[in-house]
Structure formats: C-alpha cells, structure tokens
Number of protein chains: 2
Amino acid sequence: MKPYVLVVEDEDALATLLDYNLDKEGFRVERAADGEEGLLKVEEETPDLILLDWMLPKVSGVEVCRQLRAKPETRRTPILMLTARGEETDKVRGLDTGADDYVVKPFAMSELTARIRALLRRTRPELVDERLEYADIVLDRGSRRVTRSGRNVHLGPTEFRLLDFLMQRPGRVFSRERLMDAVWGPNTYVELRTVDVHVGRLRKALRISGAFDPIRTVRSAGYALDQHA
Amino acid sequence: MKPYVLVVEDEDALATLLDYNLDKEGFRVERAADGEEGLLKVEEETPDLILLDWMLPKVSGVEVCRQLRAKPETRRTPILMLTARGEETDKVRGLDTGADDYVVKPFAMSELTARIRALLRRTRPELVDERLEYADIVLDRGSRRVTRSGRNVHLGPTEFRLLDFLMQRPGRVFSRERLMDAVWGPNTYVELRTVDVHVGRLRKALRISGAFDPIRTVRSAGYALDQHA
DNA sequence: CGCGGCATGACACTTATGTGACAACCACGC
DNA sequence: GCGTGGTTGTCACATAAGTGTCATGCCGCG
C-alpha cells in the first residue's frame with residue numbers, strides 16, 4: 001500500500017538517515033549498499049521509485065540506471081540520482097543517464113521528499129493522490145474517510161487499506177497472495193483465507209441501500225474492484 | 001504555523017529588507033535569488049504566498065508564474081508581483097500573468113504587508129486570522145481564548161495549541177507523531193500516548209451541555225477535528 | 001450431480017484507545 | 001526563597017474495536 005522506495009547508497013550514515021526519514025514520510029524503504037545488491041533487490045520486487053547514489057561500489061549508479069532501463073519491468077520506474085557537489089556534470093544535469101531527476105548532496109530532506117512525491121505523482125498518481133474514486137465510492141486518504149453515494153462508510157484499518165489498494169487499479173484482478181502482501185505487508189504470515197473474510201467485511205460495509213457489489217470474485221484467481229456485469 | 005512566504009527577488013538589498021520586515025510581521029520567509037531557485041524552493045515546500053519580482057535572472061517572473069499555475073499544488077497559491085515603475089504594463093495591471101496582485105516599487109512596507117494579508121485572507125484565512133472557527137467552537141489567538149456556543153472553555157497551553165492545530169485543517173487526520181511535532185515541537189521526546197491523554201483532556205474541556213464530541217478518533221491512524229457522523 | 005472454491009456468522013483473541021490517579025514541575029505572588 | 005494552584009507526562013487498568021480462524025453451508029462449473 002505504501003509506496004516502496006529502494007535506496008541504493010553505500011554511505012551507511014546517509015542510508016540510515018534516508019531510511020528513517022522516508023519511513024516517517026510514509027514510504028516503505030529497502031536498502032542496498034552497492035549497485036549489485038541494488039539490482040538484486042529490484043529483481044526481488046520492483047520498487048515504485050529508486051533512490052540511486054551516483055558513486056557506488058561494484059556497479060556504478062550510471063550502470064545500474066542503464067540496466068534498469070533495459071529491463072521492461074523497470075523501464076518506467078522513476079529513478080532519482082544522488083550526486084555529490086562536483087559530480088554534477090552535464091550528463092547528470094541533462095538526465096542523460098536515464099534518471100528522472102537528481103539532487104545534489106547535501107540536500108534538505110524536505111526537498112528530497114518533495115521531489116520523490118513529484119516523481120511518483122507523474123508516474124503513479126494513485127500512489128500519492130489524496131482521493132481515489134470508483135463509481136459512487138470515494139476514498140479520501142487525508143481524512144481517512146470512505147463514502148458511498150455520499151453516505152459515510154465505516155471501515156476498520158484493514159478494510160480501509162484493502163479498499164485503498166483495490167481502488168488503485170480498478171478492474172484488475174489480484175490474487176490472495178498479492179492482496180496479502182499489499183494490505184498486510186510483505187512479512188506477515190496469516191491464512192490466505194483471511195483475505196476472503198476481509199473482502200466479505202468490506203463488501204458488507206459497502207452494501208448500502210440497493211447499491212451493487214463493487215467487488216468481483218474471480219474463481220480460483222482472486223478479487224477485483226469492478227462492476228461484474 | 002506561521003504563514004510561509006517565499007520571496008523571489010534578485011536584488012539583495014530589497015530581499016533582505018523584505019525578509020527582515022516580513023519576519024517582524026510574523027511570517028516565515030525563504031528567499032530565492034532567481035526564477036530557477038524559486039521554482040526549486042517551491043518544490044521543496046509549497047509556500048502559502050509567493051512574492052515574485054517581475055524581472056528575474058534565468059527564469060523571468062512571468063514564466064515562473066506560468067509554471068506555478070500549471071502545477072496542481074501551486075495553482076491556487078497567491079502570487080504578488082513586484083514591479084519597477086515603468087514595467088507596469090497593461091499586462092501587469094490586468095493581472096494577465098496569473099498573479100493575484102502587484103505592487104510598484106518603491107512601495108511602503110505597510111502597503112505590502114496589507115496586500116499580503118489581504119491575499120492570504122482570501123486563500124488561507126486560518127493562517128492570518130486571529131480567530132479560528134469550527135462549528136460552534138471559536139478559538140481566538142489574540143486573547144488566547146476558546147469558547148463553545150458562547151460559553152468560555154478553559155484550556156491549558158498544550159490543549160490550546162492542540163486545538164489550534166486541529167482547527168487549521170478540520171477533517172484531516174493527524175497521526176500522533178504529527179501532532180507531537182506540531183504541538184510539542186519537533187525535537188521533544190515524550191510518550192506518544194501522551195497525545196491521547198491531551199486529546200482526552202481537550203475533549204473533556206469541550207464537553208459542555210450535550211454538545212457533540214468534535215474530535216474523531218481514527219483507529220490506528222490518529223485524530224481529526226470533525227463530526228464523526 | 002459432485003467437487004473444489006467461496007461466503008458467512010460465530011468466537012476467542014489481539015490491539016488500540018479512554019480514563020482516573022499521581023508525582024514531578026512550573027510560574028507566580030508573597 | 002517558598003508555598004500553591006494549575007499543568008504535564010506516565011502508568012495501570014478498563015473498555016472498545018478490530019482480527020484471524022474455523023465450521024458450515026452454498027454455488028458455479030465441469
């Protein structure tokens with residue numbers, strides 16, 4: 001549910017600082033200490049955005065960039081370069097490396113998070129927008145409220161996250177495993193069937209005065225948010 | 001808490017003068033020496049108002065204006081243009097540039113602050129106004145008083161700041177961390193649960209003669225000032 | 001018609017929040 | 001300096017809300 005940011009940075013102090021601050025800003029953060037590890041982490045799970053140091057051991061930032069751009073899964077993943085003053089060559093400035101933006105160290109954390117949000121808004125607006133809508137359902141992240149045709153719908157935290165996730169890609173079918181990861185977090189282990197129960201609860205909460213059921217069950221595949229004809 | 005004004009002005013003496021005076025008037029001021037820097041500063045943190053010189057190095061004031069109006073975050077941010085006598089073309093006078101107002105140099109500082117307040121009052125009244133209102137609750141910053149349906153409500157300093165903060169954005173949910181930062185200051189370390197206690201105290205103080213509880217608890221997220229229907 | 005997949009209500013259990021009590025603290029008037 | 005009333009931060013405990021599992025019964029599809 002939270003945007004997943006991968007930090008590829010060899011300087012431990014900076015990486016920790018980034019980790020701490022981004023976490024506080026509501027991002028899920030993973031760290032990699034060099035280019036090689038970075039590429040591995042990307043293999044494991046495609047990040048929503050990558051923070052990439054320009055100078056890295058083993059595989060340089062530029063090279064990582066190139067490789068990421070070569071792979072279809074990460075071709076469009078936003079990359080934000082971290083450069084030291086002086087490394088700020090024309091190549092960086094022109095973003096010829098394939099990166100989408102760059103900041104020069106040292107930088108204010110607020111500047112960095114602002115740029116991260118800006119990039120995410122460009123590529124995955126549904127990750128950062130305050131308000132999601134589908135049919136007559138409105139989910140407002142800022143006020144943490146959900147309404148259906150104007151009426152307020154009360155959801156528990158889990159149902160809220162579940163609906164939030166489904167509303168990010170209406171129509172798309174998600175497996176229970178995928179929902180598990182997205183809603184419960186990648187390292188929680190609960191019965192897969194629990195997803196069914198929560199979908200049920202969400203359905204019940206959304207079921208007001210003759211409104212259609214916005215969740216489609218796809219037998220032996222998962223669930224999707226859409227109008228099942 | 002203080003309104004954040006960004007001054008984009010290349011003439012250093014004037015910028016300093018503005019900085020000094022606006023600070024004295026209770027604004028938080030950041031400076032940018034040219035259009036490019038101005039846009040960067042805006043990225044970092046959206047100002048509550050922008051003072052923009054008409055003639056600027058790198059990116060002109062008009063161009064900055066255009067770009068700010070193109071971005072959703074700053075579309076409604078008030079912009080006050082500073083122009084030299086003679087630059088006062090019809091375009092400026094008609095505010096066709098996207099600016100909300102303009103003053104001609106040289107100007108009296110009092111005129112400028114008056115215009116700034118006028119603009120802020122239009123867009124973010126809660127920042128300028130001495131009094132905040134929500135439903136039947138009135139908070140007066142000047143006299144440091146709070147009333148509910150006319151009756152006086154006694155609050156301790158902490159509860160006052162807490163209510164003040166919540167009233168700035170009714171409906172929005174704030175995490176305990178966020179409230180901690182806003183009310184206690186960013187570098188104080190007290191138990192997170194202390195927030196609960198103060199919210200409780202605030203609630204109790206606000207609880208007079210059958211009035212509804214204006215604070216909504218959002219489980220596993222935080223608190224918001226609004227009617228939890 | 002039979003079977004695996006799904007929906008659902010019950011329920012025991014976790015977790016999060018509300019609250020009263022309390023000791024430390026503070027500003028202030030004496 | 002020294003009480004003193006008002007504030008504050010923490011705790012412990014009570015209460016409320018949300019969660020994960022299961023057993024049961026239903027349903028669609030082959």
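Just so it is clear: chains get the letters A, B, ... in the order the sequence lines come, proteins before strands, and each one is counted from 1.
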note = In 5'-to-3' order, the base (B), backbone-only (S) or no-contact (-) status of each nucleotide in nucleotides 5-18 of chain C, using a 4.0 angstrom heavy-atom cut-off, is SBS-SB----BBBB
message = Rounded to whole Å, how long is the line connecting atom CD1 of B:I215 with atom P of C:dT19?
response = 11 Å
inquiry  = Rounding to an integer number of Å, can you tell me how far B:E191 CD sits from D:dC11 C1'?
reply    = 10 Å
query = Can you check the B:R216 CZ to D:dA17 C1' distance for me, whole Å?
reply = 16 Å
inquiry  = To the nearest 0.5 Å, what is the distance between CG on B:L22 and CG on B:L6?
reply    = 11.0 Å
request  = Would you confirm whether A:T74, through its side chain, and A:T77, through its main-chain N or O, come within 3.5 Å as a donor-acceptor pair?
outcome  = no
B:M180 CE - D:dT8 C1' separation (whole Å) = 11 Å
query = What do the steps show when you test A:D10 against A:D34 for side chain to side chain contact (heavy atoms under 4.5 Å, CB included), and what is the final call?
reply = CA-CA 6 Å; A:D10 60 314; A:D34 58 62; 5.7 Å; no
task = Identify, with sequence neighbours excluded, every residue that meets side chain to side chain donor-acceptor pair (under 3.5 Å) alongside B:R69.
result = B:D100
ask   = Side-chain N or O of A:W184 less than 4.0 angstrom from OP1 or OP2 on D:dT19?
value = no
query = What integer distance in Å separates A:L179:CG from D:dG20:P?
reply = 13 Å
remark   = Partner of A:Y223 under side chain to side chain contact (heavy atoms under 4.5 Å, CB included), picked from A:T217, A:L202, A:L162, is A:T217
task = Round to a whole Å and report the spacing from CG of A:L155 to C1' of D:dT19.
result = 15 Å
key: Global bending angle along the helix from C:dC1-D:dG30 to C:dC30-D:dG1, which compares the axes of five pairs at either end, to 10 degrees   = 30°
task = I would like to know whether B:R141 and B:L132 meet side chain to side chain contact (heavy atoms under 4.5 Å, CB included); could you show each step before the answer?
result = CA-CA 8 Å; B:R141 286 170 170 162; B:L132 298 178; 3.7 Å; yes
message = So, does A:H154 get its side chain near the phosphate of D:dG18, meaning an N or O under 4.0 Å from OP1 or OP2?
response = yes
query = Can you check side chain to side chain contact (heavy atoms under 4.5 Å, CB included) on B:F165 and B:F174, steps first, answer last?
reply = CA-CA 10 Å; B:F165 184 72; B:F174 298 102; 3.7 Å; yes
task = Please tell me which of A:H198 and B:V190 maps to the more 5' nucleotide of DNA chain D, matching each residue to the nucleotide holding its nearest heavy atom.
result = B:V190
query = Which distance, rounded to the nearest 0.5 Å, do you find between the CG of A:L40 and the CD of A:E37?
reply = 7.5 Å
request  = Compute both the distance and the angle, then confirm whether A:R31 meets the cation-pi test with A:Y20: under 6.0 Å from the six-membered ring centre, within 45 degrees of the axis.
outcome  = no
